[in-house]
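Worksheet for the structure shown next.
Numbered from 1 within each chain, the chains take letters A, B, ... in sequence-line order. Because only heavy atoms are used, hydrogens play no part in the values below, and waters and symmetry mates are left out as well, while side chains stay in.
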2 protein chains.
Amino acid sequence: MKPLFHPSIDDISVESILHALSDPVRVAIFTQITASQCSATCSAFQNIVEQPVPKSTLSQHFKVLRESGLIRSERKGVEMHNVSRCSEIEARFPGLLASIVNAYTVQSRQGEKRRKARTRRSR
Amino acid sequence: MKPLFHPSIDDISVESILHALSDPVRVAIFTQITASQCSATCSAFQNIVEQPVPKSTLSQHFKVLRESGLIRSERKGVEMHNVSRCSEIEARFPGLLASIVNAYTVQSRQGEKRRKARTRRSR
DNA sequence: TCAATAGTTCATGTTTTCGGAACTTTTGGA
DNA sequence: TCCAAAAGTTCCGAAAACATGAACTATTGA
């Protein structure tokens, strides 16, 4: 199996971080990996959103996250262990990831509210 | 001419902001519009990067920025005047735009340094 | 009324993304 | 040792997104 490519911290670009995090599945994965203390396998995320994500697609998403520098993946036996590189990135681009994750939190909280309001109105 | 669509502040999504700003031409445009006090026309950006951007492409870029909610465009006579919506967005997603713009600044500063170092070495 | 200017739209070729099917690696039995 | 199962990756064809030249539209100033 080919060794996995990870960019060195200085080669991580803002473009690729923003691109990687502009996809709902990928932010969901990244947020969860960042939040969890231990490392996470890929297949743990098959049901990260409403409809299940096919594993080939999931594999691509992990590749994008890895090559943009957001996560570090390591093969452990038959499975893959993924950890967040957020502290490295924080050192180079202070505040970036925190404000993005925060913005998504704000957004989903408001989405929540709207959904509830709609439900109330339709009763 | 069709009226231009602008999302209301509550309909602006983080996904679309990140996607819009994951393109070098678009960040360059957005940064400049945000920095300038007065409004800017589209054609002012034909030479925003090394190779000149064709105007059809430029038009698409402005559409992306507009529909993601990052700028507001208004027709004034024959030309288009564009202003940044960053203060609105700041209210909804605090710190987001600032940290993105800052990250790009950090990156281009480091790109500068590297280029210079390469030049020094090759003399 | 017309030419010039600023942008948009359309058509087309190119690139990216998605996802099913087949493939590779590793491991835990029989 | 050999095989089957599990976890991912790779390959490939279809669909979507992008880029850009050419044609088009709207507005203004002569």
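A salt bridge does not link B/Lys113 with A/Asp10: none of the charged nitrogens is closer than 4.0 Å to a carboxylate oxygen. One finds no salt bridge joining A/Glu112 and A/Arg109 here, because no Lys/Arg side-chain nitrogen approaches an Asp/Glu carboxylate oxygen to under 4.0 Å. Comment: A/Arg72 engages A/Glu88 in a salt bridge, judged by a side-chain N to carboxylate O separation of less than 4.0 angstrom.
Comparing C/dG19, C/dG7, C/dA6 by their nearest atom to the side chain of B/Cys42 picks out C/dG7. Considering only the side chain of B/Ser43, C/dA6 comes nearest among C/dA6, C/dT9, D/dG8. Ranking D/dT9, D/dT20, C/dG7 by closeness to the A/Lys55 side chain, first place goes to D/dT9. Comparing D/dG8, D/dT20, C/dC18 against the side chain of A/Met80 picks out D/dG8 as the nearest.
Nearer to the 5' terminus of DNA chain D, by closest-nucleotide assignment, is the contact made by A/Val78 (compared with the other of A/Lys63 and A/Val78). Judged by closest nucleotide on DNA chain C, A/Val53 is the one of A/Gly77 and A/Val53 placed further toward the 5' end.
Dashed line: the shortest gap from a side-chain N or O of A/Thr41 to OP1 or OP2 of D/dA7 is not under 4.0 Å. Taking side-chain N and O atoms only, B/Ser56 has no distance below 4.0 Å to OP1 or OP2 of C/dG7. For A/Thr57, a side-chain nitrogen or oxygen approaches OP1 or OP2 of C/dG19 to under 4.0 Å. For B/His19, a side-chain nitrogen or oxygen approaches OP1 or OP2 of D/dC18 to under 4.0 Å.
As judged by a 4.0 angstrom heavy-atom cut-off over every strand, A/His81 is placed among residues making no nucleic acid contact.
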Is there a side-chain hydrogen bond (donor to acceptor under 3.5 Å, both in side chains) between B/Thr31 and B/Thr34? Walk through the geometry before answering. CA-CA 5 Å; B/Thr31 310; B/Thr34 302; over 6 Å; no
